[in-house]
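The structure appears below as structure tokens.
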Amino acid sequence: ARERERGVPLFPRAFFWLVSLLLASLIWFISVQLSDRENAKLQYGLLVFGAAVSVLLQEAFRFAYFKLLKKADEGLAMISEDGRSPISLRQMAYVSGLSFGIISGAFSFVNVLADSVGPGTVGIHGDSPYYFITSAFLTMALVLLHTFWGVIFFDACERRRYWCLGLVVASHLLASGL
């Protein structure tokens, strides 16, 4: 019973997100280097392409993490006294989505914080004075979305509901596109 109280570690999932971000950044960087930098329309298209590739890689790494946790869960069940895993799939899904959201939110909000200490401050010359609070709420919403996506994704993988997987990927693409 003591093992059940400890839960699932939060940070290994963040590592998977960071690797997906690194790969997406590498793909985007190479595509920009190989393209015509003077063509603004092409550069905008590459930015959209980079965002889509980033989302697809994040979801691929979410699936890889699900598979890894599933194998670990089977191993834990084999060595436990009662034949059950000490960690439930729901706990793993929640913690996976939450850690994914936290690291994603931290990375997105770092850019906003960098704007606050730059040579000028956003909001002084006609910009919205609510820029920072709006950015904080948007980041919080994305953390919540990543948590929901993690829970729905794991449940869909476990029950083989492929339409739910498609829904997670499509809504993640939509949110990133917005």
Side-chain angles (χ1 to χ4, degrees), residues 7-33 35-63 65-66 90-156 164-178:
V8 184
L10 188 66
F11 294 106
R13 176 62 186 124
F15 174 76
F16 275 73
W17 185 86
L18 286 171
V19 172
S20 73
L21 180 67
L22 177 67
L23 287 176
S25 299
L26 188 62
I27 291 169
W28 176 78
F29 179 76
I30 290 171
S31 65
V32 166
Q33 295 301 317
S35 69
D36 178 19
R37 293 188 186 172
E38 301 300 319
N39 188 344
K41 196 170 200 170
L42 176 65
Q43 293 304 312
Y44 178 75
L46 287 175
L47 186 63
V48 171
F49 167 75
V53 165
S54 178
V55 168
L56 295 175
L57 281 172
Q58 288 174 28
E59 295 304 333
F61 273 82
R62 190 187 313 261
F63 182 72
Y65 191 66
F66 168 78
R90 288 183 180 154
Q91 285 176 320
M92 289 188 292
Y94 173 73
V95 172
S96 172
L98 183 62
S99 63
F100 195 100
I102 288 171
I103 196 72
S104 173
F107 265 74
S108 67
F109 206 68
V110 162
N111 293 328
V112 174
L113 292 177
D115 285 343
S116 70
V117 295
T121 303
V122 178
I124 291 177
H125 299 291
D127 296 327
S128 172
Y130 303 112
Y131 175 72
F132 296 112
I133 192 75
T134 304
S135 297
F137 277 114
L138 286 173
T139 300
M140 182 179 61
L142 281 174
V143 170
L144 190 62
L145 276 174
H146 278 294
T147 305
F148 288 147
W149 288 330
V151 171
I152 294 167
F153 192 93
F154 273 45
D155 185 64
C164 286
L165 292 175
L167 182 66
V168 168
V169 174
S171 63
H172 194 168
L173 281 167
L174 178 67
S176 295
L178 292 174

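Side chains of I30 and L26 form a contact here, defined as non-hydrogen atoms less than 4.5 Å apart. At least one side-chain heavy atom of L23 sits under 4.5 Å from a side-chain heavy atom of F61. Taking 4.5 Å as the limit, some side-chain heavy atom of F154 sits within range of a side-chain heavy atom of Y65.
No donor-acceptor pair closer than 3.5 Å links the side chain of Q58 to the backbone N or O of F16. With hydrogens and angles disregarded, no donor-acceptor distance shorter than 3.5 Å links the side chain of S176 to the backbone of L173.
Closest approach of A156 and C164 over heavy atoms only: CB-CB, 3.5 Å. A pairwise comparison of heavy atoms in S108 and G105 identifies OG-O, 3.1 Å as the closest pair. Summarising the geometry of L46 relative to W28, their closest heavy-atom pair is O-CD1, 3.3 Å, with the distance given to 0.1 Å. Closest approach of L57 to A24, counting heavy atoms only: CD1-N, 3.5 Å. S35 approaches L42 most closely through the heavy-atom pair CB-CD2, 3.7 Å. In plain terms, the two heavy atoms of Q43 and D36 that are nearest each other are NE2-O, 3.0 Å.
Here the CG-CG distance, from L144 to L98, works out to 9.5 Å after rounding to the nearest 0.5 Å. Atom CZ of residue F66 and atom OG of residue S96 lie 10.5 Å apart, to the nearest 0.5 angstrom. Interatomic distance, CZ of F15 versus OG of S20, reported as 10.5 Å (0.5 Å rounding). If you take OG on S135 and CE on M140, they are separated by 12.0 Å, rounding to the nearest 0.5 Å. In this structure, L138 CG and I133 CD1 are separated by 10.5 Å, a value rounded to the nearest 0.5 Å. Here H146 contributes atom NE2 and I102 contributes atom CD1; the two are 11.5 Å apart, rounded to the nearest 0.5 Å.
Shown here is E38, whose CD atom has no more than 12 heavy atoms of other residues, nucleotides or ligands within 6.0 Å. Few gaps surround CZ on F109; more than 12 heavy atoms of other groups in view lie less than 6.0 Å from it.
Ring to ring, W149 and F100 are not that close: their centroids are 6.0 angstrom or more apart.
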